[in-house]
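Take a look at the structure below.
Chain identifiers are assigned alphabetically (A, B, ...) following the order of the sequence lines, protein sequences preceding nucleic acid strands; residue numbering begins at 1 within each chain.
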2 protein chains.
Amino acid sequence: MKSVVPVTVVEIKTACSQCNLRELCLPFGLDPGEVNQLDELVGSRRKIKRQQHLYRSGDSFEAIYAIRAGSFKTDVILEDGRDQVTGFQMTGEVLGLDGISTEQHSCNAIALEDSEVCVIPFGRLEELSRQVESLQHQFHKIMSREIVRDHGVMMLLGSMRAEERLAAFLLNMSQRFTARGFSPSEFHLRMTRDEIGSYLGLKLETVSRAFSRFQDEGLVAVQQKHIRILDTPGLKRILNHHTA
Amino acid sequence: MKSVVPVTVVEIKTACSQCNLRELCLPFGLDPGEVNQLDELVGSRRKIKRQQHLYRSGDSFEAIYAIRAGSFKTDVILEDGRDQVTGFQMTGEVLGLDGISTEQHSCNAIALEDSEVCVIPFGRLEELSRQVESLQHQFHKIMSREIVRDHGVMMLLGSMRAEERLAAFLLNMSQRFTARGFSPSEFHLRMTRDEIGSYLGLKLETVSRAFSRFQDEGLVAVQQKHIRILDTPGLKRILNHHTA
DNA sequence: GGAGCCCTTTGATCCACGTCAATACGATTT
DNA sequence: AAATCGTATTGACGTGGATCAAAGGGCTCC
């Protein structure tokens, strides 16, 4: 039976028009005819195994990538070896926007688990978005959203204490899982304590201690990478109730 | 004599095609005909006095702004009053990109001195960049540059010590002044120690102490807001020579 | 299904930066 | 030229998170 399944079925299944992520991704706000045009643009898909690079800092920039399955981290590395995780990306999110400015990528994108991305050749995206107003606008929104997100991280790194940072991180993850149809209160983190720490500007021991404290206070149940949020308002209170 | 100067002269003088900032700004890479089209788009200019807002968080988004004269800071404010400076902007740089994502601005833009901006209605910019490929591309580069810049700040906030942050800040300012034809080694900071501190995730006292230390070590001469860099390689060494 | 290794947790100690406080300086106003 | 106020410097002290260290737990890969 398997051999009679036509290849085209697979093709259709992976097209934007059939993708269950289209409400989160580049096709958002496009009408069906426009999504079909986008389908033609998204030439290929690429599978990336856990711990492998989608691109590296210095690679020449040719395409942006929409995450179809799995998740990634992006990081920047200094000459002296220090590195900073600049973000964690989930399905439907777009990677590679950093490369537009100099035609070279300025960070590394690494899969946190076996993953798959849609390759969107950037020249053709610019071409199509000159024709399709809604695509142009959605693309601009995605770039702007990235800027706003980065400002939030700057706020977090610049003026929050360790437990506030972790609370903000957990609430953000919860919200993003929710947007993807998963439980808001129970999820599996794909990154290590060290990676969370790098993202939050903390050492892994501090992250671990903050998790333990949250657990002691009944805010979350932590079992390694499996997180259950028990008291969302409590976490939010940690964020706002800055007693200084 | 004054009364005979025709208004049109003023108009021409402030057009993109005549602007000495065009190599840094939106017109970069456009041919003369295309710059003329951009001239028509940039409808009005707006003067902003020192300490006044160009826009506020929550304001509806209608335009982006190119700085013609002066300088700005952008900041984000939390409910509990804490604020984080997310950037300092100089002539030729573009403000307001944060507003695209939600049609509302998500930060405040405040003039550090009496300043002037070109108002670029965003709907018309999108329209023109559908017709003018080089404008579209330059706009995308400007947005991407903002993302890359933010990643640099995240690196700074997440994994550098106080003196490294200040060294990075001074080198960055120097480089931006240079790009505008000013001295690389001698300049006037328009922001207070408190604002620098907020941007760098430090308290104002720590910024002040770091300045004093740099002065003691002969790296810079500091006199209030007037800075003279005496040893650029020395500052760069502070950045890279992370003995940890 | 076992071995090895990475990841996580927890404790003890240290230090960079924050906090509190006082003074000094400079720009602006009168 | 004096008064005022925001800004900057400097000192003394406290603390949150880093560092160092050790042990336990759970994946991953044979």
Would you mind classifying the nucleic acid contact of B:Gly201 as base, sugar-phosphate or nothing, using non-hydrogen atoms under 4.0 angstrom?
-> sugar-phosphate
Counting only N and O atoms by type, is there a donor-acceptor contact under 3.5 Å from the side chain of A:Asp194 to the main-chain atoms of A:Leu204?
-> no
Considering only NZ, NE, NH1 and NH2 on the basic side and carboxylate oxygens on the acidic side, decide whether [X] and [Y] come within less than 4.0 Å.
X: B:Glu113; Y: B:Arg50; answer: no
X: A:Arg180; Y: A:Glu23; answer: no
X: B:Arg176; Y: B:Glu93; answer: yes
X: B:Glu116; Y: B:Arg46; answer: no

Interatomic distance, [X] [atom1] vs [N] [atom2] [rounded to whole Å]:
X: B:Arg161; N: D:dG17; atom1: CZ; atom2: P; value: 16 Å
X: A:Leu189; N: C:dC7; atom1: CG; atom2: P; value: 15 Å
X: B:Met160; N: D:dA18; atom1: CE; atom2: P; value: 16 Å
X: B:Arg213; N: C:dC17; atom1: CZ; atom2: P; value: 9 Å
X: A:Leu157; N: C:dC17; atom1: CG; atom2: P; value: 15 Å
X: A:Glu163; N: D:dT15; atom1: CD; atom2: P; value: 16 Å
X: A:Gln215; N: C:dT8; atom1: CD; atom2: P; value: 14 Å
X: A:Asp216; N: C:dG11; atom1: CG; atom2: P; value: 10 Å

Could you tell me, to 10°, how much the axis swings from one end of the helix from C:dG1-D:dC30 to C:dT30-D:dA1 to the other, five pairs per end?
-> 70°
Among residues two or more places apart or on two chains, list those pairs meeting ring pair (Phe, Tyr, Trp, His ring centres under 6.0 Å) that have a residue in residues 173-201 of chain A.
-> A:Phe88-A:Tyr199, A:Phe177-A:Phe187
Run the numbers on A:Thr74 and A:Thr86 for side-chain hydrogen bond (donor to acceptor under 3.5 Å, both in side chains), then give the verdict.
-> CA-CA 6 Å; A:Thr74 47; A:Thr86 54; 2.9 Å; yes
Would you give the length of the straight line joining atom CD of B:Glu163 to atom CG of B:Leu239, rounded to the nearest 0.5 angstrom?
-> 11.5 Å
Are B:Asp59 and B:Gln104 side-chain neighbours, meaning at least one heavy-atom pair lies under 4.5 Å?
-> no
How does protein reach along nucleotides 5-14 of chain D, written 5' to 3' as B (base within reach of a heavy atom under 4.0 Å), S (only sugar-phosphate), or - (no contact)?
-> --SSBBBB--
